[in-house]
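A short write-up of the structure that comes next.
Every number for a ligand or one of its atoms is a count from 1 in the order of the listing.
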Amino acid sequence: QAKADKSGAVRFYDPGMSRRIAQRRSLEDDLRHALASNQFQLHYQPIIDLASKDVIGFEALLRWDHPARGMVAPQDFISIAEEIGLIVPIGAWVLQQACHQAMLWPDPMKIAVNLSPAQFRDSGLFETVIRALASSQLPPQRLELEITESVMLLDSATNLRTLHQLRALGVQISLDDFGTGFSSLSYLRTFPLTKIKIDRSFIRDLGKNPGCLAIVRAILRLACDLGMRTTAEGIETDSQLETLRFEGCSEGQGYLFGRPVPADQTTLFLAGQRSDAPALQAAAEIAA
Ligand code: C2E
Ligand code: MG
Ligand code: MG
Ligand code: MG
């Protein structure tokens, strides 16, 4: 951006901008070494059946433990990894790691894994999923792949074919962050989805904004009529939980039940199952 200083000369040079470019370059360089240096970890957030309050699975959430910067949040590095083509190998690692971890949990327990649209642009996605399932021996029905609306919008014919192949294996497909993208409702019947995840923004304002309740009701009704399950994201309060149960949402996720935790702490959630609800609470408090 051009700026005029006191002398009237126009400067095209913005030191803030060059610092940002340098920072971004160094983050890119670090990212290229992160996988080989074992700097990635998965954290797992419980997914709850709202009727029984049982944990029915976990969502795997990627964490980058940077040697100098500490924990880098996914929103600060995933888009970079997508741009420089690293999300494909990173995504393959996530799938392997998540499927092996899920094998350590009791049988029907599911694992949800986020997929980037860039992983669909790579022709090896289907094989990558097969390899993760084969090497872990995880039954395909226990794997849920989370896609976003952009996967349905871009290259939709190719992506549709890949999703059908995955469904044919028995893998579940969830539509993440629903309501925030630009896709048309007709995609909901075209794509082989098994679940809709209602974006956190609608849950957050549920008690404050009657419009949010109307939208949530409409999504729940639509999902139900299309034979899909529903997960509400970002449940933080009892009143949000009660509203969602009353409205017939099948599953929920959020800090009210538990934050994402490292793999070794997931057993704390499972220990509290059914017989001992307070243990779930205790695990959530440890994690918070
Ligand atoms: P997402 O898939 O929608 O995941 C939910 C995000 O909401 C997570 O953020 C989670 O920590 C956060 N969250 C859950 N419950 C609550 C709550 O009650 N309140 C609030 N305020 N937040 C809550 P996180 O872990 O920072 O991940 C952000 C996004 O990064 C994810 O959104 C997903 O789109 C992406 N992501 C994470 N892991 C992966 C991965 O392995 N691969 C890809 N491609 N994307 C990933
Ligand atoms: Mg997700
Ligand atoms: Mg989400
Ligand atoms: Mg979200």
Side-chain angles (χ1 to χ4, degrees), residues 31 34-35 39-48 50 55 57-65 70-99 101-102 110-122 125 128-129 132 143-151 172-181 193-207 219 230-241 244 249 251-263 265 269 284 287-288:
L31 206 46
L35 198 54
Q39 289 167 6
F40 290 119
Q41 294 169 19
L42 291 181
H43 282 193
Y44 298 89
Q45 184 179 35
I47 302 174
I48 309 298
L50 293 187
V55 177
F58 293 87
E59 178 173 0
L61 293 159
L62 187 58
R63 298 290 179 262
W64 179 17
D65 192 2
M71 281 294 179
V72 185
Q75 56 264 42
D76 295 331
F77 71 88
I78 284 179
S79 62
I80 302 177
E82 286 171 343
E83 283 169 42
I84 62 179
L86 280 178
I87 199 68
V88 170
I90 294 172
W93 178 86
V94 170
L95 273 164
Q96 282 287 343
Q97 191 76 11
C99 289
Q101 177 61 38
K110 288 182 174 163
I111 179 70
V113 174
N114 292 285
L115 293 184
S116 149
Q119 286 173 271
F120 280 84
R121 255 168 264 140
D122 180 80
L125 178 61
T128 302
V129 173
L143 176 63
E144 277 182 351
L145 298 177
E146 298 195 357
I147 64 166
T148 51
E149 289 172 58
S150 58
V151 169
Q172 314 278 301
I173 311 289
S174 305
L175 184 56
D176 206 353
D177 306 331
F178 183 69
T180 58
L193 305 168
T194 46
K195 185 199 262 194
I196 290 177
K197 299 188 76 168
I198 308 172
D199 190 66
R200 177 157 59 89
S201 55
F202 300 111
I203 310 305
R204 188 182 50 218
D205 298 333
L206 211 46
I219 298 173
T230 41
T231 299
E233 299 189 293
I235 303 177
E236 294 185 357
T237 69
D238 283 312
S239 87
Q240 290 165 347
L241 169 62
L244 288 159
C249 183
E251 298 162 19
Q253 236 177 306
Y255 295 169
L256 181 67
F257 309 110
R259 288 174 186 256
V261 295
Q265 288 178 37
F269 288 108

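- The Gln45 neighbourhood of ligand 1 comprises atoms 14 (C), 15 (N), with distances under 4.0 Å to a heavy atom of that residue.
- Taking the Mg ion (ligand 2) as reference, Asp176 places its N/O/S atom OD2 nearest.
- In this structure, Pro260 is part of the shell of residues with a heavy atom less than 4.0 angstrom from ligand 1.
- For the pair Glu233 and Arg204, the salt-bridge criterion is not met [side-chain N within less than 4.0 Å of a carboxylate O].
- Taking each of Ile147, Ile87, Leu62, Ile78 in turn, the one with a heavy atom nearest to atom 46 (C) of ligand 1 proves to be Ile78.
- Distances shorter than 4.0 angstrom do not occur between any heavy atom of His43 and any atom of ligand 1.
- Within the structure, the closest approach of Arg63 to ligand 1 falls below 4.0 Å when heavy atoms are considered.
- Using modelled atom types, one side-chain atom of Ser116 and one backbone atom of Ala118 make a donor-acceptor pair closer than 3.5 Å.
- Put simply, the side chain of Gln265 never gets that close to the backbone of Pro262: no donor and acceptor are under 3.5 Å apart.
- Contacts of Asp176 with ligand 1, taken as heavy-atom pairs under 4.0 Å, involve the side chain alone.
- Between Leu256 and Thr237, the closest side-chain pair of non-hydrogen atoms is not below 4.5 Å.
- Within the structure, ligand 1 has Arg200 among the residues with a heavy atom less than 4.0 angstrom away.
- Checking side-chain atoms of Thr230 against main-chain N and O of Cys249 turns up no donor-acceptor pair under 3.5 Å.
- Of all the heavy atoms in Phe40 and Trp93, the pair that sits closest is O-CH2, 3.5 Å.
- Residue contacts with ligand 1 for Leu42 are absent, since no atom lies close enough (heavy atoms, distance under 4.0 Å).
- In terms of modelled atom types and a separation under 3.5 Å, the side chain of Gln101 and the main chain of Gln97 share no donor-acceptor contact.
- Here the angle centred on the Mg ion (ligand 2), running from OE1 of Glu146 over to OE2 of Glu59, is 90°, rounded to 10°.
- Residues Ile80 and Asp76 come closest through the heavy atom pair CD1-O, 3.7 Å.
- Look at Leu256 and you'll find every heavy atom at least 4.0 Å from all atoms of ligand 1.
- Residues Arg121 and Pro117 meet the side-chain proximity criterion, which asks for heavy atoms closer than 4.5 Å.
- Put simply, Ser174 stays out of reach of the Mg ion (ligand 2), with no N, O or S atom under 2.8 Å from it.
- Side-chain polar atoms of Thr231 and Lys195 form a donor-acceptor pair below 3.5 angstrom.
- The ligand atoms of ligand 1 that sit less than 4.0 angstrom from a heavy atom of Ser116 are 44 (N).
- Some N or O of Glu236 is nearer than 3.5 Å to an N or O of ligand 1, by distance alone.
- Ligand 1 lies nowhere less than 4.0 angstrom from a heavy atom belonging to Gln253.
- For ligand 1, the atoms closer than 4.0 angstrom to any heavy atom of Glu233 are 3 (O).
- Distances below 4.0 Å separate heavy atoms of Gln75 from the following atoms of ligand 1: 26 (O), 28 (C).
- Side chains of Glu59 and Tyr44 form no contact here, defined as non-hydrogen atoms less than 4.5 Å apart.
- Note: no N/O pair closer than 3.5 Å links Leu61 and ligand 1 by distance alone.
- The two residues Leu31 and Ala81 make their nearest non-hydrogen contact at CD2-N, 3.8 Å.
- Looking only at N/O/S atoms, Glu233 comes nearest to the Mg ion (ligand 3) through OE2.
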*Yes or no on side-chain contact (heavy atoms from CB on, under 4.5 Å) for Leu95 and Leu145, after CA distance, side-chain angles and deciding distance?*
CA-CA 9 Å; Leu95 273 164; Leu145 298 177; 3.9 Å; yes
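- For ligand 1, the atoms closer than 4.0 angstrom to any heavy atom of Val94 are 41 (O).
- In Asp177, the N, O or S atom that comes nearest to the Mg ion (ligand 3) is OD1.
- Applying the 4.0 Å criterion to heavy atoms of Gly254 picks out, from ligand 1, the atoms 15 (N), 18 (O).
- An N or O contact shorter than 3.5 Å links Tyr255 to ligand 1 by distance.
- When atom types are taken as modelled, the side chain of Glu144 and the backbone of Ala112 share no donor-acceptor pair closer than 3.5 angstrom.
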